[in-house]
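Report on the following structure.
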Amino acid sequence: MKKLLLLVAMVATFIGVSAQNPYAYKLSATDLSETSVTLHYSLNAPAQAVQLQIFDGENAVATIDVPETMIVAGNHEYIVNFADYPGIPAGKELSWKVAVTGQTVETPVEITDKVLKFYSPAGVAVDVNPESDYFGTMYVTESFASASTTYYTAPVNGSVGIGLYQFDPQFNGVKNEDGKYGFSCGMQSAGTTLVDWRPGRIQISDDDRMFILSQRVNTGYPLYEMNRATLQVAPFFNGTLDTSTGIVTNGDVQVAAGVGVAFDVDGSGENLKLMMMTCTPGTTTVPANYKTNEYNIGTATSWGEAPSRAFTAFNGKAINYASINLAYDGAGGIWMSQWRGTPTEAEPSYAYANLENDELEFLVTDIYSRNGGMAFNKDHTLLVRGVASSKVLAVYSVNNGELTKLYEYSCPSFTGWNQFAFDYANNIIACDNSAEVFGMIQLPYGGQVATPAAQKYNFQIPAQELPSEFYLVGSFNEWNTTETGGRLVFAATETEGVYETTGTLAANDEFKVITPNGDGWTWYGGIDEYGGGYFLINDELLNVPLQMVDGSNFRMENGGEFTFSINANDMTLTVIPVGSPMVPGDVNGDGQITSADITALYSFILSGETTEIFNGDQDGDGQVTSSDITAVYSIILGSK
């Protein structure tokens, strides 16, 4: 059984001009090349800091702190030069986020410049799906309009009157193609006259489908689905409408049981479900006439069948037709809220039911809820609802259905709550047809809100065509690049992009790696850090990947037999000793410098052999002669 924990952390009444909790929206990537990409984002409000975070799978490969000029509200773009971020790999699909840090807020606050006059607002919603083309967009319905210039929705003020109103994340109103605020959605109810519908509660599913309840008691279907691109609506329930009862039938099947009262959606795709409460006109004060049904609608764009099941847990508990909300809790349950001045067990202000067994788990009778507003945030970790006769809302943390009260807040401009919604940064938007307002409340905040770019804006740096043919040439073969010139030929290994060759180099031998380039060659060497005219490979740099660049020759400090390994993926060279290294003076390879090395040299010279003796060229002149004997003799004398 779920428990209601009333641990009040803060009760506040504060009003002031404030900014929303900031987050990024309208993310896109353009102008991708081998060298850079331009990342675009917008901020709904000023931030303290903004980071661009680029990921290869789960691994962050670049974190970029943008300059202060790019943390203000509005549109921004940042050119990422890949050369500045060597950790960003080519040839892989990369995702990215914009992480926004806002100013710490200690208490809830109504944002006074984000409160507008609506005559009879009935529903609100925010698109919190970053994959959506409409991410961050806020919606509010005007169910009945006034001609008075006091109201934002009045036709005389350049609005459509009754209809759906759209706002961007900065709370700027969006105009229709006629240059007016608001959208009639293809319904004949423009201005202040009701004809086809009376738009009410709004819900947006996890997979970006938008539904609008119609609270019209004598005409109009109980529920509509809106085309997000055209903002046109169509009846969701397929069948014949009885305008006297609101009941929709399809042949002998009852599809909907009456006029729309409240609803919610849960899941996405094939698993999308709709919970719908209806009643029949003229009987809204009779609890027995309220029906709740669940529809496993999946991907269906209309429904002409009987409900998937009758949900009976709330039977006999609903009584306030215009002020009821339903909310799936994401933990196996569903809430019903309604406006009750004096709640009782027969007429509770809140009720909670288990979805699986269709059982009522508990009722709330000690909280007054004006207009019945209630909503969860995007991940069902916060719940907001009205808790008093006027103005007061409460915010709870949610953990497996358990509620812990965090804040109570008295909003100066509101007297009740018809519907709430959270945006992506947990700002609350709300509407109240008693006070006739639509507005925003900023919650306490301190931390980072990271918006991922939609998957269609992932990017992949074009992989450069890597060389696959390499040779080693140098002083050991008189820099000869021909096939017969003694060059060392690299062969591919089992590891993609890795090539190896093995050869013997003497101390002070210099070399480069070459690869064909059209009719010529590209020569790769090392970085001459010390201005000596070469990159010295000493014993400490053996077995270490060395960056190959258009630079100086590599030079071996000591000679020996080595495996040369090239990784073409990052253009590095690793020199790996094979067997014993060549130690100056050690001609016979026994690890010591003695008269035996002099004897080995004499024997080699006297034999007249043309094959090279191990470590024979002691003076580095490219030949084995008596001068090498002298060099070994000097080493022996110098060691004594």
Side-chain angles (χ1 to χ4, degrees), residues 118-125 139-145 153 160-166 182-205 209-228 230-250 254-265 274-284 289-293 295 297 301-304 307 318 320-326 338 371-373 418-419 421 431 433:
F118 275 62
Y119 185 67
S120 187
V124 293
Y139 301 90
V140 56
T141 55
E142 179 70 295
S143 65
F144 196 79
T153 58
V160 299
I162 296 170
L164 177 73
Y165 287 78
Q166 183 176 324
F183 300 84
S184 298
C185 302
M187 304 297 284
Q188 297 300 313
S189 58
T192 60
T193 304
L194 289 170
V195 181
D196 285 348
W197 72 334
R198 185 174 182 178
R201 305 284 189 263
I202 314 170
Q203 300 290 354
I204 301 174
S205 70
R209 296 174 65 180
M210 184 167 169
F211 300 87
I212 303 176
L213 188 79
S214 176
Q215 295 178 314
R216 187 68 169 130
V217 295
N218 60 359
T219 186
Y221 283 77
L223 187 69
Y224 293 81
E225 182 168 7
M226 192 180 79
N227 182 310
R228 302 295 298 278
T230 65
L231 296 179
Q232 302 292 297
V233 296
F236 182 72
F237 293 119
N238 180 24
T240 302
L241 173 67
D242 184 336
T243 57
S244 65
T245 63
I247 294 173
V248 179
T249 56
N250 187 7
Q254 186 180 93
V255 181
V259 175
V261 173
F263 79 105
D264 196 13
V265 291
L274 162 72
M275 189 72 80
M276 181 85 178
M277 181 179 285
T278 58
C279 72
T280 51
T283 63
T284 57
N289 289 325
Y290 287 81
K291 308 291 184 184
T292 307
N293 291 301
Y295 302 80
I297 63 176
T301 56
S302 65
W303 187 274
N320 196 327
Y321 157 76
S323 300
I324 297 178
N325 278 275
L326 296 175
Q338 65 179 341
N371 293 353
N418 286 74
Q419 193 175 17
C431 65
N433 66 11

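We count residues from 1, following the sequence as given. Heavy atoms only: backbone and side chains are in, while hydrogens, waters and symmetry mates are out.
- Phe144 meets the ring pair (Phe, Tyr, Trp, His ring centres under 6.0 Å) test with no other residue; sequence neighbours excluded.
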Stepwise, does the side-chain contact (heavy atoms from CB on, under 4.5 Å) test hold for Glu142 with Ser120?
CA-CA 6 Å; Glu142 179 70 295; Ser120 187; 4.0 Å; yes
Run the numbers on Met276 and Leu213 for side-chain contact (heavy atoms from CB on, under 4.5 Å), then give the verdict.
CA-CA 10 Å; Met276 181 85 178; Leu213 188 79; 3.5 Å; yes
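- Residues satisfying the side chain to side chain donor-acceptor pair (under 3.5 Å) criterion with Glu225, sequence neighbours excluded, are Arg209.
- Between Leu164 atom CG and Met187 atom CE the span is 12.0 Å, to the nearest 0.5 Å.
- Closest approach of Ser184 and Val160 over heavy atoms only: OG-CB, 4.2 Å.
- Residues Ile212 and Phe263 share a closest heavy-atom pair of N-CZ, 4.4 Å.
- Nearest heavy-atom pair across Met275 and Thr292 is SD-CG2, 3.7 Å.
- Taking CD of Gln232 as the reference point, atom CG of Asn227 lies at 8.0 Å (rounded to 0.5 Å).
- Listed here is the closest heavy atom pair of Ile202 and Ala125: CG2-CB, 3.7 Å.
- Inter-residue side-chain proximity for Leu274 and Phe236 is flagged as met; some heavy-atom pair is nearer than 4.5 Å.
- Asn418 contributes no side-chain N or O that, together with a main-chain N or O of Asn371, makes up a donor-acceptor pair within less than 3.5 Å.
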Given Gln419 and Gln203, is the side-chain contact (heavy atoms from CB on, under 4.5 Å) satisfied, shown in steps?
CA-CA 10 Å; Gln419 193 175 17; Gln203 300 290 354; 3.4 Å; yes
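- Remark: the backbone N or O of Gly304 is paired with a side-chain donor or acceptor of Asn250 at under 3.5 angstrom.
- Taking the side chain as every heavy atom from C-beta outward, Arg198 and Ile162 never approach each other to under 4.5 Å.
- One distance of note links CH2 of Trp197 with OG1 of Thr141; it measures 8.0 Å at 0.5 Å rounding.
- The OH atom of Tyr290 sits 5.0 Å away from the CD1 atom of Ile324 when rounded to the nearest 0.5 Å.
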Full working for side-chain contact (heavy atoms from CB on, under 4.5 Å) between Leu223 and Trp303:
CA-CA 11 Å; Leu223 187 69; Trp303 187 274; over 6 Å; no
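- Taking CE of Met277 as the start and CZ of Arg201 as the end, the distance is 11.5 Å to the nearest 0.5 Å.
- Side-chain contact between Val259 and Pro222 is absent, with no heavy atoms from C-beta onward closer than 4.5 Å.
- Interatomic distance, OG1 of Thr280 versus CG of Asn289, reported as 4.0 Å (0.5 Å rounding).
- Not one N or O on the side chain of Tyr221 forms a donor-acceptor pair closer than 3.5 Å with the backbone of Ser214.
- Less than 6.0 angstrom separates the ring centroid of Tyr295 from the ring centroid of Phe237.
- Remark: Asp264 engages no residue in a side chain to side chain donor-acceptor pair (under 3.5 Å) (not counting sequence neighbours).
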